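These notes are about the structure you will find just below.
Positions are given from 1 along the sequence. Heavy atoms only: backbone and side chains are in, while hydrogens, waters and symmetry mates are out. Because the structure is predicted, anything quoted here is derived from the model rather than measured.
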Amino acid sequence: MSYQSIDSINDFDAVLKQSDSETVAVFKHSSTCDLSATAKDEMVNVKLPVFELVVQTARPLSNHIEAHFGIRHESPQVILISRGEPIYNASHRAVTVDSIHAAAAQ
């Protein structure tokens, strides 16, 4: 599907709006972590809109998302959002195409 970077609260607000019509994924990761690189390899194959956030360059946005949803920050981390609400989140080795597609199908 689509894969794009976000780095501002305005970008995140647009993601929330898009989630009103379809399930979307926010992918938070580190640009210097091997585990994050492995998770990113998984995320590029997800069949949902994916919005990527690199924590080193968008820490205020990462903090905002943590506070907005009350989901503790991890890296790598994926949060599926539907109708403005988180429906699934996973981190580290649990960030896989299969787990994300299974969660989105429920």
Spacing of [X] atom [atom1] and [Y] atom [atom2] [to the nearest 0.5 Å]:
| X | Y | atom1 | atom2 | answer |
| --- | --- | --- | --- | --- |
| S21 | R83 | OG | CZ | 10.0 Å |
| N89 | I81 | CG | CD1 | 10.5 Å |
| S19 | I79 | OG | CD1 | 12.0 Å |

Item checked: H68 and L16, any side-chain heavy atoms less than 4.5 Å apart -> yes
Notebook entry, point to check: Do the side chains of H101 and V46 get nearer than 4.5 Å, heavy atoms only?
Noted result: yes
Nearest non-hydrogen partners of [X] and [Y], listed with the distance:
| X | Y | answer |
| --- | --- | --- |
| T23 | L48 | O-CD2, 3.7 Å |
| E22 | Q18 | OE2-NE2, 2.7 Å |
| V95 | A90 | CG2-O, 3.7 Å |
| F69 | G84 | CE2-O, 3.6 Å |
| A25 | L80 | CB-CD2, 3.6 Å |
| A94 | Y88 | O-OH, 4.0 Å |

Is there a path of hydrophobic side-chain contacts, each under 4.5 Å between heavy atoms of I/L/V/M/F/W/Y residues, joining [Y] to [X]?
| X | Y | value |
| --- | --- | --- |
| F12 | V24 | yes |
| I71 | I9 | yes |
| I100 | I87 | yes |

Checklist line | Those residues that, when tested against F51, pass ring pair (Phe, Tyr, Trp, His ring centres under 6.0 Å) (two or more places apart) | finding: none
Check: Is there a donor-acceptor pair closer than 3.5 Å between any side-chain N or O of Q56 and the backbone N or O of S31?
Finding: yes
Margin query: Donor-acceptor check, side chain of S75 to backbone of S30, threshold 3.5 angstrom: yes or no?
Written below: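 Yes: the side chain of S75 pairs with the backbone of S30.
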Notebook entry, point to check: Residues two or more places apart in sequence or in another chain: which of them pass side-chain hydrogen bond (donor to acceptor under 3.5 Å, both in side chains) with E66?
Noted result: none
Checklist line | Residue pairs passing the salt bridge (Lys or Arg N to Asp or Glu O under 4.0 Å) test where at least one lies in residues 9-19, sequence neighbours excluded | finding: none
Item checked: Contact list for residues 84-94, test salt bridge (Lys or Arg N to Asp or Glu O under 4.0 Å), sequence neighbours left out -> none
Checklist line | Residues forming a salt bridge (Lys or Arg N to Asp or Glu O under 4.0 Å) with E42, sequence neighbours excluded | finding: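 For E42 there are no salt bridge (Lys or Arg N to Asp or Glu O under 4.0 Å) partners, ignoring immediate neighbours.
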Compile the donor-acceptor pairs under 3.5 Å between side chains in residues 57-65 and protein atoms, sequence neighbours left out, one pair per line.
unit_1: T57; atom_1: OG1; unit_2: V54; atom_2: O; d: 3.3
unit_1: R59; atom_1: NH1; unit_2: H73; atom_2: NE2; d: 3.4
unit_1: S62; atom_1: OG; unit_2: K28; atom_2: NZ; d: 3.2
unit_1: S62; atom_1: OG; unit_2: H73; atom_2: ND1; d: 3.2

Next item on the list: Quickly, which of Q4, K40, M43 forms a side-chain contact (heavy atoms from CB on, under 4.5 Å) with E52? Name it, please.
Entry: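 That would be K40; it is the only one of Q4, K40, M43 passing the side-chain contact (heavy atoms from CB on, under 4.5 Å) with E52.
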